[in-house]
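All remarks here apply to the structure that follows.
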Amino acid sequence: MKKLLLLFTFVLLTSFSADPDVYLCNTKGGKKYHFTKDCQGLRNCKGEIIKVTLKEAKEKGKTICGYED
Ligand SMILES: [Zn+2]
């Protein structure tokens, strides 16, 4: 029983600390990050859509896109 609990805790912790890929519009005005490449918020992106990790996006000062919040 204890082993199972440990395993559960481990899975929970790793899923919380996961660093998924996000997409952002690489322009000066782009302040948002998106979990999906074809998000509404990226449709009027005039620059390049780049893929970074969530951690990188946050380090750049990006915030979650309003459509996905
Ligand atoms: Zn979005």
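Start at 1 and go down the list; that is how both ligands and their atoms are numbered. Everything quoted here is computed from the prediction, not taken from an experiment.
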Quiz item: So which heavy atom on L42 is nearest to which on K37, and how close?
Solution: CD1-O, 3.4 Å
Exercise. Kindly confirm or rule out an SG-SG distance below 2.5 Å between C65 and C39.
Key: no
Practice problem: Could you name all protein N, O or S atoms found under 2.8 Å from the Zn ion (ligand 1)? | Solution: H34 ND1, C39 SG, C65 SG, E68 OE2
Quiz prompt | Point-to-point distance, once rounded to the nearest 0.5 Å, from CZ of R43 to CG of D38 | solution = 7.5 Å
Quiz prompt | NZ/NE/NH1/NH2 to OD/OE distance under 4.0 Å, K51 and D21 | solution = yes
Quiz item: Does a salt bridge link E59 with K55, judged by any charged N lying under 4.0 Å from a carboxylate O?
Solution: yes
Practice problem: State the SG-NZ distance between C45 and K32, to the nearest 0.5 angstrom. | Solution: 14.5 Å
